[in-house]
Engineer: 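Take a look at the following structure, please.
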Amino acid sequence: MQGRQPAMKADQTRAYVQRAARLLGGSQPKDLMDQHFLCTDVATGLEVRALGFRDSADLHVAELGSGIGSVAQALPACRRLDLVELDPTLCQVARQLLSERSDIHVTCADALGWIRRNPVDAVVSNLPGFLTTRLLDQLEQMAAADCAPSCVVAALPANVRASDCLLGHPHLCAVDLGLLDADWFWPRQQGPSRLVRLRPDASVM
């Protein structure tokens with residue numbers, strides 16, 4: 001008799017996104033705002049591991065462009081985890097689904113304006129691709145003023161490589177972490193996104 005095959009682990013992120021979709025009812029993410037949310041454990045796991053946390057208990061972390069909270073639900077508990085999202089409907093969904101996480105605080109605000117006023121230890125950015133230049137410029141200004149997060153993991157358009165992030169941003173260093181497949185997003189993106197880790201460049205401080 002053959003041994004029983006091990007049960008496949010349930011995809012927690014996919015289940016979370018399905019609950020969010022039910023809360024949204026007939027509403028669909030807004031194409032004009034380039035709203036696409038990571039919807040599989042493979043993708044959220046890549047972003048979590050890219051942060052390189054050994055112990056997040058004492059860290060203040062922020063997710064910019066947090067959407068429905070599909071990445072936040074995969075992040076380990078922190079001293080404080082701020083989710084910053086411009087769309088009030090998505091904020092409401094995230095608040096409802098993540099209400100049991102006492103470390104999570106959802107704010108409906110412009111993410112780039114928020115991060116200027118609120119220093120944090122680390123950032124996950126899932127902002128729309130058209131905000132890439134503004135994000136990099138903001139991080140450069142913060143790094144030059146020695147107030148940048150120690151680590152930023154950002155999903156950027158696939159045609160933006162780590163080396164491109166350094167052009168005009170001498171206070172940053174960047175590492176290319178590979179691509180996030182278009183099928184790993186809900187709704188499906190037209191193409192992949194590139195995952196990049198950014199840090200202040202200590203050699204120019």
Side-chain angles (χ1 to χ4, degrees), residues 13 33-54 56 59-67 69-72 74-76 78 81-86 110-112 114-116 118-186 188-205:
T13 302
M33 294 180 68
D34 197 17
Q35 290 180 347
H36 301 270
F37 314 119
L38 291 176
C39 64
T40 173
D41 286 348
V42 173
T44 56
L46 286 173
E47 291 204 345
V48 172
R49 289 192 297 275
L51 287 166
F53 291 158
R54 292 185 178 179
S56 60
L59 296 180
H60 183 184
V61 180
E63 184 185 0
L64 308 183
S66 53
S70 60
V71 174
L75 288 168
C78 306
L81 175 54
D82 279 297
L83 309 189
V84 189
E85 168 59 48
L86 189 60
D110 170 70
L112 296 180
W114 185 93
I115 196 65
R116 281 197 301 268
N118 296 274
V120 298
D121 299 305
V123 167
V124 179
S125 173
N126 289 296
L127 291 169
F130 61 83
L131 292 176
T132 298
T133 300
R134 285 183 58 197
L135 170 65
L136 293 172
D137 289 347
Q138 181 65 53
L139 293 174
E140 168 65 20
Q141 293 172 17
M142 295 173 71
D146 197 21
C147 62
S150 61
C151 177
V152 177
V153 172
L156 305 177
N159 62 345
V160 178
R161 298 185 178 274
S163 56
D164 299 327
C165 298
L166 305 181
L167 299 175
H169 305 108
H171 291 84
L172 299 177
C173 57
V175 176
D176 194 330
L177 302 175
L179 296 176
L180 299 170
D181 194 272
D183 289 325
W184 295 348
F185 291 85
W186 175 74
R188 185 185 188 277
Q189 292 191 153
Q190 292 185 350
S193 290
R194 185 174 302 279
L195 195 62
V196 173
R197 182 169 55 229
L198 301 150
R199 297 183 189 275
D201 189 344
S203 67
V204 296
M205 295 299 176

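Below, all heavy atoms of this structure are taken into account, side chains as well, without hydrogens, waters or symmetry copies. FYI, the numbering just counts along the sequence from 1. Quick caveat, the model's predicted, so the values are computed rather than measured.
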Engineer: Using every non-hydrogen atom in the two residues, find where S125 and L135 come nearest and quote the distance to one decimal.
Structural biologist: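 Of all heavy-atom pairs spanning S125 and L135, the closest is OG-CD2, 3.5 Å.
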
Engineer: Taking all atoms of both residues into account, what is the closest heavy-atom pair of L172 and L166, and its distance?
Structural biologist: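 For L172 versus L166, the nearest heavy atoms are O-CD2, 3.2 Å.
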
Engineer: Over all heavy atoms of both residues, which pair between S70 and F37 is shortest? Give the atoms and the distance, please.
Structural biologist: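 S70 and F37 have their closest heavy atoms at OG-CB, 4.0 Å.
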
Engineer: Return the CD to CZ distance between E47 and R197, rounded to the nearest 0.5 Å.
Structural biologist: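 Here the interatomic distance stands at 12.5 Å.
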
Engineer: Give me the atom names and distance for the closest heavy-atom approach of L179 to A158.
Structural biologist: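 The answer is CD2-CB, 4.2 Å.
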
Engineer: Kindly write out the residues that satisfy side-chain hydrogen bond (donor to acceptor under 3.5 Å, both in side chains) with S193, not counting sequence neighbours, or none if the list is empty.
Structural biologist: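 Counting only residues at least two positions away or on another chain, S193 forms a side-chain hydrogen bond (donor to acceptor under 3.5 Å, both in side chains) with Q189.
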
Engineer: For the SG atom of C165 and the CG atom of L139, what is their distance to the nearest 0.5 Å?
Structural biologist: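 If I round to the nearest 0.5 Å, the distance is 9.5 Å.
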
Engineer: Do P76 and V48 have side chains that get closer than 4.5 Å, going by heavy atoms?
Structural biologist: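 SC-SC contact between P76 and V48 confirmed.
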
Engineer: I would like to know whether E140 and D137 meet side chain to side chain contact (heavy atoms under 4.5 Å, CB included); could you show each step before the answer?
Structural biologist: CA-CA 5 Å; E140 168 65 20; D137 289 347; 5.6 Å; no

Engineer: Tell me the closest heavy-atom pair linking A50 and L195, and the distance in Å.
Structural biologist: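 Reported closest heavy-atom pair: CB-CD2, 4.4 Å.
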
Engineer: Looking at CG of L64 and CG of D82, how far apart are the two atoms once the value is rounded to the nearest 0.5 Å?
Structural biologist: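 CG of D82 is found 9.5 Å from CG of L64.
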
Engineer: Could you work out, with side-chain hydrogen bond (donor to acceptor under 3.5 Å, both in side chains) as the rule, every residue matching D176, not counting sequence neighbours?
Structural biologist: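 Once residues adjacent in sequence are excluded, the partners of D176 under the side-chain hydrogen bond (donor to acceptor under 3.5 Å, both in side chains) criterion are R194.
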
Engineer: Can you tell me if E63 uses its side chain to pair, donor with acceptor, with the backbone of L83 under 3.5 Å?
Structural biologist: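 No, E63 side chain to L83 backbone: no donor-acceptor pair under 3.5 Å.
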
Engineer: Between CG of L131 and CG of L136, what distance do you get to the nearest 0.5 Å?
Structural biologist: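 Reported value, rounded in 0.5 Å steps: 11.0 Å.
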
Engineer: Looking only at heavy atoms, what is the nearest atom pair of G65 and A111, with distance?
Structural biologist: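 Heavy atoms only, the tightest pair is N-CB, 4.2 Å.
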
Engineer: Output the distance between atom CG (D146) and atom NE2 (H171), rounded to the nearest 0.5 Å.
Structural biologist: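 Answer for the CG-NE2 pair, D146 versus H171, is 9.5 Å.
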
Engineer: I'd like to know whether R199 forms a side chain to side chain contact (heavy atoms under 4.5 Å, CB included) with V175, so could you lay out the CA-CA distance, the side-chain angles of the two residues, the decisive distance to 0.1 Å, and finally the verdict.
Structural biologist: CA-CA 9 Å; R199 297 183 189 275; V175 176; over 6 Å; no

Engineer: Are L51 and V124 close enough, and set up right, to give a side chain to side chain contact (heavy atoms under 4.5 Å, CB included), and what steps lead you there?
Structural biologist: CA-CA 8 Å; L51 287 166; V124 179; 3.6 Å; yes

Engineer: Who pairs with V120 by side chain to side chain contact (heavy atoms under 4.5 Å, CB included), at least two apart in sequence or on another chain?
Structural biologist: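 Here the qualifying residues are H60, A62, W114, I115, V123, P149.
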
Engineer: For P157, enumerate each residue passing the side chain to side chain contact (heavy atoms under 4.5 Å, CB included) test, keeping only those at least two apart in sequence or located in another chain.
Structural biologist: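 With sequence neighbours excluded, P157 shows a side chain to side chain contact (heavy atoms under 4.5 Å, CB included) to T132, N159, V160, given in chain and number order.
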
Engineer: Can you tell me how far CG of L75 sits from OG of S56, rounded to the nearest 0.5 angstrom?
Structural biologist: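 Answer for the OG-CG pair, S56 versus L75, is 8.5 Å.
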
Engineer: Sequence neighbours excluded, which residues qualify as side-chain hydrogen bond (donor to acceptor under 3.5 Å, both in side chains) partners of T13?
Structural biologist: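 Here the qualifying residues are D41, T44, Q73.
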
Engineer: Among residues at least two apart in sequence or on other chains, which ones pass side chain to side chain contact (heavy atoms under 4.5 Å, CB included) with D181?
Structural biologist: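 With neighbours one apart ignored, the set is D183, W184.
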
Engineer: Report, as yes or no, whether the 6.0 Å neighbourhood of atom CZ on R188 holds more than 12 heavy atoms from other residues, nucleotides or ligands.
Structural biologist: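 Yes, because the 6.0 Å sphere around CZ of R188 holds more than 12 heavy atoms from other groups.
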
